[in-house]
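Both counts, for ligands and for their atoms, begin at 1 and track the order of listing.
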Amino acid sequence: MISTRLRVLENGALEVVDPRVEDLPLLRDIDPEFEVITDPLPGFETPRFQTMRRLGSGFSDPEIQEMDSEELWRIHDVALRGWMSGTSSAKSESEVSVLALKLELARRILRSCTLCARRCEVDRLADQRGFCGLGSKAIVAESFIHIGEEPPINPSHVISLAGCALRCRYCQQSDILFPRKVRGTYLDGQFWKHPDCEVARSLSFVGGNPDESLFGILGFLQSAPIGWALPIVWNTHAYSSIETMSLLNGIVDVYLPDLKYSSSACASSWSQVHNYPQVAQRTIVQMVDQNVPVIVRLLILPGHLRCCHFPALQFLASLPTRPRVSIRGQYSPDWQITSSDGAMAGRISREEVALANNMAQSLGLDCIVS
Ligand code: SF4
């Protein structure tokens with residue numbers, strides 16, 4: 001059953017959290033002028049993963065199985081270079097596709113898991129669990145059409161996956177952080193029946209976080225209907241491994257990374273991760289290099305303008321190809337936040353959001369404010 005999520009703000013106003021297509025009548029009862037905002041998605045023609053499915057790796061399945069992982073990575077990188085230079089060819093009957101090659105590499109990573117930058121190195125195929133608590137399969141906690149995403153991807157059919165490598169104390173999805181407690185279903189081919197392509201303009205993998213479920217997601221994409229034509233969106237915490245970002249090259253059509261902190265001390269205090277700024281910045285550079293739209297989300301945290309958000313904006317402005325920035329003012333002191341957490345115990349002020357927005361504008365960044 002779909003239920004509307006409401007939050008009461010300090011001024012008594014009601015906020016609809018993650019509005020769904022089913023909430024439209026309610027939203028229009030409250031505000032008859034309410035509109036679902038959309039914008040064109042520049043440069044998108046066809047989902048990249050469908051191309052990876054058609055391209056050949058040059059090797060058969062028995063040959064791939066005999067190779068060590070180093071050799072497979074070499075073949076993968078050669079295949080991607082061929083795709084980027086337009087010299088690759090369609091797969092023959094006996095060949096493994098580039099998508100299937102990526103799936104095999106993701107499977108091997110699970111043997112000593114480095115799917116995210118926690119690098120737990122546990123054997124998830126043998127059901128060992130690392131920090132995210134996931135086994136080998138992706139678990140869908142919920143799936144619905146979101147009508148409040150950034151305009152170039154809105155409305156988006158979101159597949160929300162259990163498990164995450166971070167532990168943000170203010171997490172708004174804490175009920176899906178611990179996969180063993182989530183009453184979800186495994187991500188499999190049946191989910192292709194759900195997205196309403198008349199309404200949805202994209203398919204988003206969210207969570208929790210999707211990186212940790214990459215193996216399950218690639219398997220799911222391999223079972224897509226041949227004519228599936230919506231862009232794939234990767235909505236991630238950006239605490240991503242280099243390997244995962246390489247496998248996502250040629251799969252993702254739009255990246256929607258967070259850039260949560262610029263201070264390691266803040267990352268450690270609020271999300272239990274010490275090297276977040278370096279990893280997230282590296283991840284965003286890898287995303288931009290893939291030549292797809294990148295929209296970096298900045299959830300403005302109370303009291304973190306100078307330590308985290310201003311330096312984050314300066315970093316984004318320093319990139320040779322600048323991503324768009326989505327400045328979010330929806331911070332809420334959820335989950336483990338208590339009254340002893342200082343500024344983080346309150347809501348974000350309009351002034352702080354406006355200051356972040358002004359800074360972004362003054363740096364010449366292309367901003368989406370929501
Ligand atoms: S996905 Fe990340 S958190 Fe989960 S087991 Fe692998 S390295 Fe650890």
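Defined by atom type and a distance below 3.5 Å, a donor-acceptor pair is missing between the side-chain atoms of Q361 and N358. For the residue pair D211 / T244, no side-chain donor-acceptor distance below 3.5 Å is found, with atom types taken as modelled. For E71 and H76, the side-chain atoms include no donor-acceptor pair closer than 3.5 Å.
A donor-acceptor distance shorter than 3.5 angstrom exists from the side chain of S223 to the backbone of F220, with no hydrogens or angles considered.
With sequence neighbours excluded, the residues forming a side chain to side chain donor-acceptor pair (under 3.5 Å) with N275 are Y239, listed by chain and number.
Note on ring orientation: taking the six-membered ring where Trp is involved, the planes of H304 and W270 are perpendicular (angle over 60°, cut-offs 30° and 60°).
Closer than 2.8 Å to atom 4 (Fe) of ligand 1 sit the protein N, O or S atoms C132 SG.
Near R119, meaning under 4.0 Å from any of its heavy atoms, are these atoms of ligand 1: 7 (S).
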